[in-house]
Protein chains: 2
Amino acid sequence: MPDARPPTSRDVAERAGVSQATVSLVLRDRWRGRVSPARVDAVRAAVRELGYRPNQAARSLRLGGTRTALLVVPALANDFFGRVHAGAAAVAAENGLHLVLYPSPEGVGPAPDPFASASATLDGVLASSMAAEALSALSGAGLPLVMLDSEPGRAPAAATVNPDIAAGTRLVVDHLREWGHRRIAHLAADVESWTFAVRAATLAERLDLDGLPAPRTERAELSVVGGLRAAERALAAAPRPTALFCDDDLLAAGACKAARRMGLRVPEDVSVTGFDDLALATTVEPELTTVSLPAEELGAAGLRALLAVLDGRAQPDTVLPVRLAVRGTTGPAPG
Amino acid sequence: MPDARPPTSRDVAERAGVSQATVSLVLRDRWRGRVSPARVDAVRAAVRELGYRPNQAARSLRLGGTRTALLVVPALANDFFGRVHAGAAAVAAENGLHLVLYPSPEGVGPAPDPFASASATLDGVLASSMAAEALSALSGAGLPLVMLDSEPGRAPAAATVNPDIAAGTRLVVDHLREWGHRRIAHLAADVESWTFAVRAATLAERLDLDGLPAPRTERAELSVVGGLRAAERALAAAPRPTALFCDDDLLAAGACKAARRMGLRVPEDVSVTGFDDLALATTVEPELTTVSLPAEELGAAGLRALLAVLDGRAQPDTVLPVRLAVRGTTGPAPG
DNA sequence: CTTCGTCAGTGTTACGTATAACGCCGGTCC
DNA sequence: GGACCGGCGTTATACGTAACACTGACGAAG
């Protein structure tokens with residue numbers, strides 16, 4: 001059996017009694033009016049019998065492009081980016097694009113080495129957060145880039161897609177105000193990132209608009225324990241805040257834990273709000289009141305934007321609506 | 001500016017005043033004793049100046065292989081597979097292999113379409129769980145395959161790498177026995193999978209060995225709410241079990257929630273154990289006593305096995321040790 | 001003075017595919 | 001009856017890289 005190596009289109013041609021060019025025409029579905037139906041069937045039969053699969057490398061070389069895009073996400077530690085990926089993957093599949101996932105080691109980590117060699121293998125990049133060096137490497141390679149969760153107009157991105165963080169922040173503030181909260185502390189993610197900056201700015205602005213004092217801010221490492229520690233500091237202040245605005249559900253979960261450890265009840269003694277609506281939000285007790293971001297839609301819209309860019313169509317920046325999921329961690333202000 | 005398309009090695013050659021072959025020698029680091037240092041420098045300078053990057057497609061075509069492996073994971077919803085990926089990615093990077101991630105839509109979902117065309121682009125696959133059809137498609141394409149969390153000797157895998165599930169199960173049972181538990185219920189994942197079968201078999205065997213009755217088993221969808229519902233059923237039985245052995249941390253988290261809703265304290269009234277040691281385990285209150293699996297090491301060992309297979313070296317099946325993380329959800333049996 | 005070996009390179013080819021450019025043949029139209 | 005044309009197919013070539021087989025030239029060895 002000299003079946004050592006996979007069959008080529010030439011093998012198929014020989015078996016079907018046609019030329020290699022004809023095989024290609026049939027496989028690329030460009031044979032209408034050029035190849036007789038009988039031969040088309042013959043080629044298809046030969047393909048099946050030999051178990052032929054086109055060599056992607058050769059295709060890419062010829063065509064000057066792989067139908068492959070890269071999705072860069074900061075981490076796989078929570079389900080948010082899993083949902084982003086699902087949304088993007090669905091759109092990619094519909095459009096015959098391969099989507100490859102690259103979890104950037106550190107939210108905003110060092111230049112991912114994969115890019116160096118992968119850039120030649122990719123047609124475009126959809127990135128959620130990325131080190132500046134990696135960004136410039138990408139734009140240097142001239143790769144089309146669409147950014148998620150990133151400030152419009154900055155960075156060499158062809159387009160951006162964002163959930164409406166500012167609106168989400170306002171929804172939270174309004175909700176807390178309806179419950180009568182006036183002393184609101186801010187558990188801020190200890191990350192230099194546009195999304196978090198928007199939360200802080202909008203929060204301050206909205207409170208000011210309502211004639212309330214600027215929120216006391218506690219910086220927190222972006223994790224449950226980070227939230228726990230920051231909340232312990234925030235709740236130790238006098239007078240104690242009646243509500244904690246957390247940049248993220250992880251922080252909010254940590255904050256709830258901290259409150260309980262300090263003998264405080266949630267939401268009777270202190271209200272807590274999150275952001276993102278992770279799976280975690282409905283896992284903890286009580287379930288988190290949080291801003292629900294359209295993760296799937298974010299991925300889908302991002303990939304659609306990338307497709308548009310690949311097709312040479314200009315793509316406007318997109319903002320997606322968010323909603324407030326009111327659950328069990330918010331209630332009337334005490335006292 | 002005729003800089004329309006990326007520079008090729010021939011462009012580099014022209015600029016450096018050498019032949020294309022020489023460029024290739026320099027870039028592949030095969031020039032020792034073949035190219036004079038002066039020209040090597042000239043080539044390197046030209047590469048820098050033009051921003052030349054080798055065309056991967058052409059390389060793959062020539063070499064008959066991409067240095068790329070695929071990691072198939074069931075979902076991105078929890079952090080376990082994020083850690084598996086991290087471990088595998090580290091080893092891959094050390095060995096100049098690209099690692100691409102494919103989250104299979106459904107734990108054991110439909111044949112992933114990506115394989116159809118991607119198989120030609122891959123050198124090997126490291127899979128955690130996979131639909132039977134996808135498996136056969138893979139072996140049909142003759143792709144080297146290493147399986148994680150899969151029964152050794154089954155499936156057309158060149159090797160398997162597993163955490164020692166049986167040992168973990170025994171650790172849990174022994175721990176519960178030391179606390180005096182005798183009525184243990186089993187919250188079993190509603191998934192046909194070898195790992196879960198091992199848990200059930202080992203649990204039954206160990207209890208039998210200790211002269212205890214077979215555990216009452218409640219099937220649960222593999223999620224927090226699934227665990228919640230199953231635990232409600234299990235805890236409604238009379239006499240009530242004093243401990244719940246959960247196949248997974250998600251189920252355990254749900255079980256704790258159910259217990260609290262039924263007015264039971266954990267661990268005073270009922271002990272709960274998990275499996276996997278997800279981030280979730282230390283997030284919930286109280287923190288879960290659970291079997292800690294070496295996720296990073298699992299990914300790393302899996303990728304090492306794949307590398308061995310790619311090198312044509314036979315690779316034995318591997319079993320990795322586990323440990324019991326004793327935390328807050330287990331205590332003395334009541335009564 | 002020939003012969004040989006080594007260094008320093010270059011010419012050429014092959015990888016597998018997609019497609020532009022061309023050829024053939026039977027039927028139509030003037 | 002010859003020019004033309006449309007349906008069918010084929011030949012030839014290019015994509016960018018890696019590496020084999022070769023060529024001179026220059027010392028050294030015989």
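Letters go in sequence order (proteins before strands), and every chain restarts at 1. The model shown is predicted, which means the values in this text are computed figures rather than measured ones. We use all heavy atoms of the structure for the numbers below, so side chains are in, but hydrogens, waters and symmetry mates are not.
Taking side-chain N and O atoms only, A:T22 has a distance below 4.0 Å to OP1 or OP2 of D:dT10. When the side-chain nitrogen and oxygen atoms of B:S19 are compared with OP1 and OP2 of C:dG9, none of them lie within a distance under 4.0 Å. Of the side-chain N and O atoms in A:R34, none sit less than 4.0 angstrom from OP1 or OP2 of D:dG9. Contact annotation: A:S24 side-chain N/O to C:dA18 OP1/OP2 distance is under 4.0 Å. Residue A:R39 places at least one side-chain N or O closer than 4.0 Å to OP1 or OP2 of D:dG9.
Here A:D29 pairs with A:R44 in a salt bridge; the nearest charged N to carboxylate O distance falls below 4.0 Å. Ion pair B:E297/B:R83 not flagged as a salt bridge, since none of the NZ, NE, NH1 or NH2 atoms sits closer than 4.0 Å to an Asp/Glu carboxylate oxygen.
With a 4.5 Å cut-off on side-chain heavy atoms, A:V125 and A:P144 do not count as touching. B:F80 is listed as a side-chain neighbour of B:L293, based on a closest heavy-atom distance under 4.5 Å. Between A:L71 and A:V100, the closest side-chain pair of non-hydrogen atoms is not below 4.5 Å.
Residue contacts shown for A:S36 are limited to sugar-phosphate atoms, with no base heavy atom under 4.0 Å away.
Counting to the nearest Å, the C1' atom of C:dA20 and the CZ atom of A:R28 are 18 Å from each other. The nearest whole Å value for the distance from the CD atom in A:Q20 to the P atom in C:dA18 is 8 Å. Between the CG atom of A:D29 and the P atom of C:dT19 there is a distance of 12 Å, given to the nearest Å. Nucleotide C:dT17 holds its P atom 9 Å from the CG atom of A:L27, rounded to whole Å. The CD atom of B:E14 sits 14 Å away from the P atom of D:dG16 (whole-angstrom rounding). For the pair A:R10 CZ and D:dT11 P, the computed distance is 11 Å after rounding to whole Å. Atom CZ of B:R30 is separated from atom C1' of C:dG9 by 16 Å (rounded to the nearest Å). Residue A:W31 contributes atom CH2, which lies 18 Å from atom C1' of C:dA18 at whole-angstrom precision.
In terms of modelled atom types and a separation under 3.5 Å, the side chain of A:N95 and the main chain of A:L97 share no donor-acceptor contact.
With D:dA18, D:dG16, C:dT17 as the candidates, the nucleotide lying closest to the side chain of A:L61 is D:dG16. In this structure, the nucleotide among D:dG9, C:dT17, C:dT19 sitting nearest to the side chain of A:L63 is C:dT19. You'll find that the side chain of A:V18 is closest to D:dT10, out of D:dT10, C:dG16, C:dT19. Here D:dT17 is the nucleotide among D:dA19, D:dT17, D:dG9 with the atom lying nearest to any side-chain atom of B:N55.
Taking each heavy atom of A:A57 and B:S60 in turn, the nearest pair found is CB-CB, 3.6 Å.
Between B:R62 and B:P37, the residue anchored closer to the 5' end of DNA chain C is B:P37, taking for each the nucleotide with the nearest heavy atom. Take the nearest nucleotide of DNA chain D for B:L25 and for B:A58: the residue whose nucleotide is more 5' is B:A58.
Between the side chains of A:D149 and A:T195, no donor-acceptor pair of N or O atoms lies under 3.5 Å.
End-to-end axis angle for the helix from C:dC1-D:dG30 to C:dC30-D:dG1, using five pairs per end and rounding to 10°, comes out at 70°.
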